[in-house]
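The structure appears right after this line, and notes come after that.
What you see is a predicted model; the values in this text were computed from it and never measured. Reminder, nothing fancy here: chain letters follow the sequence lines and each chain counts from 1.
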2 protein chains.
Amino acid sequence: MANYQATLDHVFHALADNTRRQVLERLARAPMTVSELARPFDMALPSFLQHLKVLEESGLIVTRKEGRVRTCEINASSLTPVEDWVSGQREVWSSRLDRLDALLMARASAEDSEEI
Amino acid sequence: MANYQATLDHVFHALADNTRRQVLERLARAPMTVSELARPFDMALPSFLQHLKVLEESGLIVTRKEGRVRTCEINASSLTPVEDWVSGQREVWSSRLDRLDALLMARASAEDSEEI
DNA sequence: TTGATAATTAGCCATATGGCTAAATAATGT
DNA sequence: ACATTATTTAGCCATATGGCTAATTATCAA
């Protein structure tokens, strides 16, 4: 893995498009050829190919060509950096919330004792 | 939440930039004003402000202005759609791998019995 | 060999993105 | 009132993105 930040850039960018997410969702069930994959989308093939290229360059899918047919497959391990970053952040963000909660609770009790 | 897909588009797009991820990482520790937040980045303030706007429009941060100072804070709940999508996919992707494993194992045993 | 099929390349177009400087606003401090 | 500080707006620029059509290439099938 050359550069973690660049990887995150590319993977997040690839995921920031509904067409591409739908491609991933379909590939999650089974590998598929380019034209099978493209069929449901209301888009010219060259436009669709650009999306596949983004997905492949991000590492989210891998493809191989046999004869004139290219088959695309999901690359499960490619989700890991994103999962790691997101869950890492989630942890810090919510611990911040916990501390905030604790602070507010402490203040509330302090006010309670001040009452009367 | 008006449109789940549009939300994912915006949040993933906001996360696809290291400057913006660093902003989030710093805000995860504590709320901060715009200029405090901007200080470590080698970038003109107006450029930096654009990043903050992207983060705010995606819902990842919230800001409020008091006097002439704008304070930024992380919005912990905004990570949920991303976590949901990613962990949902992870589940399907790896169950596909499991099935693939099973298939390969089955083939391997079949070949074993064929041997000799 | 000829035609159909699958994918790819080339090139065009509009809009978005990410950077900048210079100027404008809006509060605050003296 | 005046200067300082904290943003904000306006406008410029280069490159990237996401769409298209038309033309090419490569393979397969009759």
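Taking the side chain to side chain donor-acceptor pair (under 3.5 Å) definition, one finds that B:Q22 meets it with nothing, sequence neighbours left out. Listed by chain and number, the residues in a side chain to side chain donor-acceptor pair (under 3.5 Å) with A:E57 amount to none (sequence neighbours excluded). Residues forming a salt bridge (Lys or Arg N to Asp or Glu O under 4.0 Å) with A:R20 (at least two apart in sequence, or on another chain): none. Shown here are the side chain to side chain donor-acceptor pair (under 3.5 Å) partners of B:R39, two or more places apart in sequence or in another chain: there are none. Evaluation of the salt bridge (Lys or Arg N to Asp or Glu O under 4.0 Å) rule for A:R26 yields no partner, not counting sequence neighbours. Residues forming a side-chain contact (heavy atoms from CB on, under 4.5 Å) with B:T63 (at least two apart in sequence, or on another chain): B:E56, B:I61, B:R70, B:C72.
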Could you list the protein-to-nucleotides 19-22 of chain C atom pairs, N/O on both sides, closer than 3.5 Å?
from, atom 1, to, atom 2, distance (Å)
C:dG19, OP2, B:H51, NE2, 2.2
C:dG19, N7, B:Q50, OE1, 3.4
C:dC20, OP2, B:A44, N, 2.9
C:dC20, OP2, B:S47, OG, 2.4

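Within a heavy-atom distance below 4.0 Å of DNA chain D, the residues of residues 52-68 of chain B found are B:K65, B:R68.
Whole-Å rounding puts the A:D9 CG to D:dA16 P distance at 14 Å. In this structure, CD of A:E36 is placed 16 Å from P of C:dT5, rounded to the nearest angstrom. Between the C1' atom of D:dA10 and the CG atom of B:L49 lies a distance of 14 Å, rounded to the nearest Å. As a whole-Å value, the separation of B:R70 CZ from D:dT5 C1' is 16 Å. One can place CG of B:L37 at 14 Å from P of D:dA6, the figure rounded to the nearest angstrom.
No side-chain donor from either of A:E25 and B:W93 sits under 3.5 Å from a side-chain acceptor of the other.
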Pairs of donor and acceptor atoms involving the side chains of residues 8-16 of chain A, under 3.5 Å and at least two apart or interchain, shall be tabulated with distances.
from, atom 1, to, atom 2, distance (Å)
A:D9, OD1, B:R21, NH1, 2.9
A:D9, OD1, B:R21, NH2, 2.8
A:H10, ND1, A:A6, O, 3.2

